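What follows is a set of notes on a single structure, which appears directly below.
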Amino acid sequence: MDIAVILPTYNERQNIPVVISRLGEVLQGYRWEAIFVDDDSPDGTAEVIAEYARGNPNIRLLHRIGRRGLSSACIEGMLSTQATFIAVMDADLQHDEAILPQLLETIRSESLDLVVATRNSAGGSMGDFSRRRVLLSRLGRKVSEAVCRCELTDPMSGYFILRRSFLGEVVRDLQCSGFKILVDLLASSRRPVRVAEVGYTFRARQFGESKLDVLIGVEHLALIVNKLTGNILPGAMPLYLFVGGLGLITHFVTLFLLTRFGHFHFVAAQSAAALAAMTENFFLNDRITFAHQRLRGARLLSGLARFTVACSFGAWANVVFAYALWQSGMDWYLAGFAGIVLGSVWNLSISSQVTWRSHRRAAIRGKELAHERMGAAIDN
């Protein structure tokens, strides 16, 4: 096998026939396989891929149930192949598949670990990217340089090829979350990475919708924090802290308004503030911290109920502890903050176990399977 191409998909049904046809054209003469990793797309993407796979030995499908995420999909796909060289690209036709042979020949001839398809150097272009997207990409590049420890013009690229032996070196240190797997790979290396770049023009999307949103930026910053701290913090901790910080602001604003202008008793104000922050934290954690295990429909309501019940002890401890400090003469804002800290420790630990437990177990099992595949591959 000369090359395996990993294509994570979610709602890309219309793009599948085109990308398969183009891969067949540019990789003619090579021994290759395309591995589509689909996160149970509701538009039937997996079914379309399966139909092609039945008649084409070059096409494979990994259909993931109960877990989502671009980085983890890429990792599972990469671990499922025995190819020496593994490329990662999007299935939305924005990455130019015509440079795949050039990427392969560059990594082969120069004995590199990784070659990045770049939009920011000679031969590269952002294409019809909006001004806002260009600015975000440049900002991400500046932030990523702090942890990549190598000179790249486009560390935010989602299009690259790597040597399988390099993957084996770093896979156990990967965070396995978020949307920027390249930064994770580079930042997880314990030695200088032998890397080069090949320019290409980023194309406009023809079908489907872009997955870029605020969450991607938040998750990327969480990845940077995790790598800068030497993986001391759990992968989700920076997101917890981000959500907790927003909840802290909500709590203090509510407490201030109710005590200063509403003339509420401190206990009532602290209780209302805790409830407001708790409700906000639930929806933000569901949208950000547990974005790939999000609760929908009836699950969202039942999840809110479980979250409220599970965190009720933390809220009770928050109020009782803060009230005791306030009665002892402590200023209201210091007493309120102390109560928040006590309640947050409980809430953050119990919510992941009770509210998002079933989805979290599926995600963990997915990581375990990925590591099992890697171990088996190394043994072989």
Side-chain angles (χ1 to χ4, degrees), residues 1-8 27 30-37 58 60-62 64 67 69-90 100 103-117 144 147-152 155 157-198 223-224 226-232 234-235 363-380:
M1 187 70 64
D2 293 313
I3 182 174
V5 184
I6 312 302
L7 302 102
L27 295 177
Y30 291 94
R31 292 170 298 173
W32 64 280
E33 64 178 348
I35 303 173
F36 292 86
V37 188
N58 296 109
R60 291 174 52 198
L61 167 67
L62 291 183
R64 306 202 306 171
R67 57 191 189 278
L70 187 142
S71 289
S72 62
C74 290
I75 294 167
E76 286 195 41
M78 289 189 285
L79 294 177
S80 71
T81 180
Q82 298 299 313
T84 303
F85 300 102
I86 306 168
V88 173
M89 64 182 291
D90 290 346
L100 277 171
L103 293 173
L104 178 58
E105 296 309 317
T106 301
I107 196 172
R108 268 179 170 172
S109 62
E110 300 181 25
S111 298
L112 302 172
D113 298 310
L114 193 147
V115 178
V116 179
S144 300
V147 296
C148 287
R149 293 174 292 189
C150 61
E151 293 186 7
L152 283 178
S157 177
Y159 188 13
F160 56 89
I161 187 171
L162 76 163
R163 193 177 293 268
R164 191 171 183 281
S165 57
F166 174 68
L167 174 66
E169 292 181 29
V170 302
V171 68
R172 290 178 175 83
D173 293 319
L174 296 177
Q175 185 168 309
C176 302
S177 63
F179 288 79
K180 295 303 175 184
I181 181 63
L182 177 59
V183 173
D184 201 359
L185 287 164
L186 294 170
S188 297
S189 178
R190 301 180 185 183
R191 62 170 175 81
V193 182
R194 300 185 300 270
V195 63
E197 294 181 306
V198 171
L223 171 64
I224 300 300
N226 181 271
K227 295 303 178 182
L228 286 175
T229 56
N231 293 323
I232 294 176
I364 291 174
R365 181 53 184 160
K367 288 185 180 181
E368 291 174 348
L369 288 172
H371 287 303
E372 287 172 6
R373 288 172 183 158
M374 189 66 207
I378 292 173
D379 292 340
N380 293 331

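None of the values given here were measured: they were computed from a predicted structure.
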[Y] and [X], any side-chain heavy atoms less than 4.5 Å apart:
| X | Y | answer |
| --- | --- | --- |
| Arg190 | Glu169 | no |
| Met1 | Glu33 | yes |
| Met78 | Val171 | no |
| Leu167 | Leu185 | yes |
| Val183 | Leu186 | no |
| Leu27 | Val5 | yes |
| Phe160 | Ile181 | yes |

To check you understand the geometry: which heavy-atom pair defines the closest contact between [X] and [Y], and what is its length?
| X | Y | answer |
| --- | --- | --- |
| Leu70 | Pro8 | CG-CG, 4.1 Å |
| Ala4 | Thr81 | CB-OG1, 3.5 Å |
| Val170 | Ser189 | CG1-CA, 3.7 Å |
| Ser188 | Leu174 | OG-CD2, 3.5 Å |

In Å, rounded to the nearest 0.5 Å, how long is the span from [atom1] of [X] to [atom2] of [Y]?
| X | Y | atom1 | atom2 | value |
| --- | --- | --- | --- | --- |
| Leu162 | Phe85 | CG | CZ | 10.0 Å |
| Leu114 | Phe166 | CG | CZ | 6.0 Å |
| Cys74 | Leu7 | SG | CG | 9.0 Å |
| Ile6 | Ile86 | CD1 | CD1 | 6.0 Å |
| Ile107 | Ile161 | CD1 | CD1 | 5.0 Å |

* To do: Using the side-chain contact (heavy atoms from CB on, under 4.5 Å) rule, take Leu100 and Tyr159 through it: C-alpha gap first, then chi angles, then the decisive distance, then the call.
  => CA-CA 10 Å; Leu100 277 171; Tyr159 188 13; 3.5 Å; yes
* Does Asp113 have any side chain to side chain donor-acceptor pair (under 3.5 Å) partners at least two apart in sequence or in another chain, and if so, which? ->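 Only Arg191, Arg194 meet the side chain to side chain donor-acceptor pair (under 3.5 Å) criterion with Asp113.
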For the backbone of [Y] and the side chain of [X], can you confirm whether one donor and one acceptor N or O come within less than 3.5 Å of each other?
| X | Y | value |
| --- | --- | --- |
| Arg64 | Gly69 | yes |
| Asp2 | Trp32 | no |
| Ser80 | Gly77 | yes |
| Arg163 | Leu112 | yes |

